[in-house]
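Only one structure is covered here, and it is reproduced in the block below.
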Amino acid sequence: MLDPQLLRSDAQACAERLRIRGIELDIDRFATLDGERKRLQVATQELQSERNKQSKLIGQKKAAGEDVSAILDAVSELGARLKQHEGELDALQAEINTFLLEIPNLPHATVPEGQTESDNEELRRWGEPPQFDFEPKDHVDLGAGLEMMSFDTAAKIAGARFSFLQGPMARLHRALIQFMLDMHTQEHGYQEVYVPYIVNSDSLFATGQLPKFAADLFELRGEEGYWLIPTAEVPVTNIVRDEILAADTLPLRFVAHTPCFRSEAGSYGKDTRGMIRQHQFEKVELVQIVHPENSYDALEALTGHAERILQALELPYRVVALCGGDLGFSAAKTYDLEVWLPGQSRYREISSCSNFEAFQARRMRARFRDSATGKPALAHTLNGSGLAVGRTLVAILENYQEADGRVRIPAALKKYMGGADTLSK
RNA sequence: GGAGAGGUGGCUGAGUGGUCGAAAGCGGCGGUCUUGAAAACCGUUGACGGGCAACCGUCCGGGGGUUCGAAUCCCUCCCUCUCCGCCA
């Protein structure tokens with residue numbers, strides 16, 4: 001949520017920043033709603049104040065044994081008017097709240113302009129795409145050849161956009177999770193957490209998936225307001241919802257491995273082959289809760305932590321800064337890591353690292369006690385994939401393939417694979 | 001799932017339908033004392049919103065109700081604890 005104060009004091013500036021996203025803010029609508037709110041709120045509070053005074057007086061007179069019937073009549077008439085005002089004010093505030101909840105975050109000043117993915121700005125590349133003296137296969141053919149991956153089996157069990165792995169490839173998939181968690185906890189200072197995979201609506205409002213993006217989520221049937229998590233960002237960031245943290249506890253760094261569930265509504269026909277885009281996939285997620293002054297340094301560090309995984313696995317990748325039009329709803333700035341996939345001869349997203357500034361914190365009242373003022377202040381929240389596990393498996397299969405269809409195991413993973421150095425039939 | 005007991009400020013914990021946003025203790029902050037620290041003593045210390053301000057309003061798990069007035073009474077939902085049942 002944007003700062004309502006900022007919206008009141010400088011709506012023009014907000015609108016200008018949102019234009020980078022290609023979004024037009026309805027300034028007049030807000031001004032009208034807020035003007036009316038102000039009028040109603042002042043009037044309502046005056047009535048409340050009057051009622052409080054009279055009620056107090058009644059108490060005092062009764063205690064003194066005086067007659068109160070005259071005041072009683074006057075005040076009960078006041079009560080009816082008050083109820084009317086309060087009802088109107090509540091309705092108006094609900095309307096304003098809905099309006100505010102649907103405005104995306106303001107992009108940071110360094111966010112490139114542009115509408116689509118193609119306008120993203122490449123910042124750097126790491127590693128060289130491998131040269132093959134044969135025609136490289138994609139992960140689907142490699143998996144089928146090894147008899148360790150079957151989308152037919154997954155489709156029979158569940159449906160489209162699910163995957164089925166078996167044997168050493170299932171183990172490799174698990175090994176990746178262990179490897180990522182170990183690196184982030186042992187080398188990057190994150191605390192591992194285990195969290196619910198089902199969350200309530202409040203949590204989804206807090207991180208920004210609701211109210212606008214309910215269609216992207218799986219909601220449980222028969223249980224009101226229970227949803228499968230689309231990312232660990234939701235349960236992990238909500239750890240600090242409604243908390244006032246001591247300043248010296250910041251920064252908080254959490255890492256969690258969870259499955260992620262996405263309806264992928266609206267992505268029909270996109271990435272239908274293989275395990276690039278699934279209803280269910282595993283992800284190791286990094287989350288940081290930091291002092292506002294440090295959040296952009298933290299974004300660089302967090303992105304670096306995700307990059308370290310790709311480097312350790314010796315997978316070529318590039319880093320791009322998302323343009324305004326490609327930026328997620330809650331993010332002020334996002335770096336995507338894109339890994340090289342020989343099966344597609346292109347870089348594909350494998351991690352997305354964002355600074356949300358106070359956008360999520362304001363929605364969830366995540367605060368810390370500012371040592372300078374002694375007052376609670378909003379923290380900044382960040383998160384990033386470290387990494388998407390399924391896509392990392394895809395990248396390993398495709399980058400480490402041999403002419404005969406075998407796949408070498410990256411050196412960093414061997415100890416997680418019982419010393420094996422290839423996947424082979 | 002059944003029965004019972006509870007949810008109050010950063011924490012523990014009092015609370016009568018009428019100056020209760022809330023006693024007390026702990027913790028925090030400031031001070032006195034001390035070479036310094038501890039102890040002791042004194043003072044101070046909730047959040048959110050509106051207003052230039054004086055100040056006003058809201059908040060005692062969430063929502064609704066009764067009342068001139070609700071932390072206190074009623075309804076409902078959520079959560080925690082104890083016992084029983086079931087179970088990984």
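Quantities reported herein were computed from a predicted structural model and do not represent experimental measurements. Every chain is numbered from 1 and lettered A, B, ... according to where its sequence line falls, protein lines coming before strand lines. All heavy atoms count here, side chains included; hydrogens, waters and symmetry mates do not.
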Distance, C1' atom - from B:U45 to B:G21, rounded to whole angstrom: 14 Å
Considering every strand and a 4.0 Å limit on heavy-atom distances, what is the contact class for A:Arg39: base, sugar-phosphate, or nothing? nothing
Pairing partner of B:G4 (Watson-Crick or G-U wobble, both distances under 3.5 Å): B:C81
Can you tell me how the ring of A:His291 sits relative to the ring of A:Phe368, calling it parallel under 30°, perpendicular over 60° and tilted otherwise? tilted
Quantified in whole Å, what is the P atom distance between nucleotide B:C41 and nucleotide B:C26? 9 Å
Need the pair for B:C11. Rule: Watson-Crick or G-U wobble, both distances under 3.5 Å, any strand; none if unpaired. B:G25
Of A:Pro376 and A:Ser49, the one whose closest nucleotide on RNA chain B sits nearer the 5' end is A:Pro376
Rounded distance (Å) that lies between atom P of B:C48 and atom CG of A:Leu89: 20 Å
Can you see if the side chain of A:Arg369 gets near the phosphate of B:A47 - specifically, an N or O under 4.0 Å from OP1 or OP2? yes
Distance, rounded to the nearest Å, where A:Asp370 contributes CG and B:A47 contributes C1': 16 Å
Taking the side chain as C-beta and beyond, is there a heavy-atom pair between A:Pro230 and A:Asp216 under 4.5 Å? no
Report the relative orientation of the aromatic rings in A:His188 and A:His184; use parallel for angles under 30°, tilted for 30 to 60°, perpendicular for over 60°. tilted
Decide, yes or no, whether a salt bridge links A:Glu264 with A:Arg161 under the criterion of side-chain N to carboxylate O below 4.0 Å. no
Applying a 4.0 Å non-hydrogen cut-off, can you work out what A:Glu86 is touching in the nucleic acid: base, sugar-phosphate, or nothing? nothing
I'd like the P distance from B:U72 over to B:G65, given in whole Å. 14 Å
How are the rings of A:Phe30 and A:Phe99 set relative to one another: parallel (under 30°), tilted (30 to 60°) or perpendicular (over 60°)? parallel
Atom-pair distance (CG on A:Asp34; C1' on B:G50), nearest Å: 11 Å
Could you go over nucleotides 75-77 of chain B and give all protein N or O partners under 3.5 Å, atom names and distances?
none

Taking only Lys NZ, Arg NE, NH1 and NH2, and the carboxylate oxygens of Asp or Glu, determine whether A:Glu16 and A:Arg19 approach each other closer than 4.0 Å. no
Within the pair A:Lys53 and B:C56, is there a side-chain N or O less than 4.0 Å away from OP1 or OP2? no
Between B:A71 and B:G6, how far is it from one C1' atom to the other, in whole Å? 15 Å
Rounding to an integer number of angstrom, what distance separates B:G15 and B:G1 when you compare their P atoms? 33 Å
Using atom P of each nucleotide, how far apart are B:G4 and B:C74 to the nearest Å? 16 Å
At less than 4.0 Å, is any side-chain N or O atom of A:Gln45 found next to OP1 or OP2 of B:G51? Yes or no. no
Do A:Tyr197 and A:Phe261 pass the ring-ring contact (aromatic ring centres under 6.0 Å, His included) test, and can you show the C-alpha distance, the side-chain angles, and the key distance before you say yes or no? CA-CA 9 Å; A:Tyr197 302 157; A:Phe261 301 95; 7.5 Å; no
Does a side-chain N-to-carboxylate-O contact under 4.0 Å join A:Glu233 and A:Lys283? no
Say we look at B:C60 and B:A47: how far apart would their C1' atoms be, to the nearest angstrom? 12 Å
Could you state the CZ-P distance from A:Arg37 to B:U58, rounded to the nearest angstrom? 16 Å
From CZ of A:Phe205 over to P of B:G62, roughly how many Å is that when rounded to an integer? 18 Å
Across every strand shown, the nucleotide meeting Watson-Crick or G-U wobble geometry with B:U32 (both distances under 3.5 Å) is B:A40
Member of A:Asp271, A:Asp138, A:Asp336 meeting the salt bridge (charged side-chain N to carboxylate O under 4.0 Å, His left out) criterion with A:Arg348: A:Asp271
Roughly how many Å apart are B:C79 and B:G62, using the P atom of each and rounding to a whole number? 15 Å
note: A:Gln41, atom CD; B:G57, atom P; distance rounded to Å ~ 13 Å
So which one's nearest nucleotide on RNA chain B is more toward 5', A:Lys375 or A:Gln48? A:Lys375
Taking a pair as Watson-Crick or G-U wobble with both distances under 3.5 Å, which nucleotide is matched to B:G57? B:C48
Please report the distance, rounded to the nearest Å, between CG in A:Asn200 and C1' in B:G62. 12 Å
Please report, rounded to the nearest Å, how far the C1' atom of B:C78 is from the CG atom of A:Asp202. 11 Å
Check whether any side-chain heavy atom of A:Leu210 sits under 4.5 Å from a side-chain heavy atom of A:Leu217, and report yes or no. yes
So, is A:Arg8 close to the B:G50 phosphate, meaning a side-chain N or O under 4.0 Å from OP1 or OP2? yes
Can you pull every protein N or O that's under 3.5 Å from an N or O on nucleotides 67-74 of chain B?
from: B:C68; atom 1: O2'; to: A:Ser55; atom 2: OG; distance (Å): 3.1
from: B:G69; atom 1: O4'; to: A:Ser55; atom 2: OG; distance (Å): 3.2

Electrostatic pair A:Asp421:A:Arg406 at N-O distance under 4.0 angstrom: no
Assess the residue pair A:Leu228 and A:Leu220 against the criterion (side-chain contact (heavy atoms from CB on, under 4.5 Å)); give the C-alpha distance rounded to whole Å, side-chain angles, the decisive distance to 0.1 Å, and a yes or no. CA-CA 7 Å; A:Leu228 294 180; A:Leu220 298 197; 4.0 Å; yes
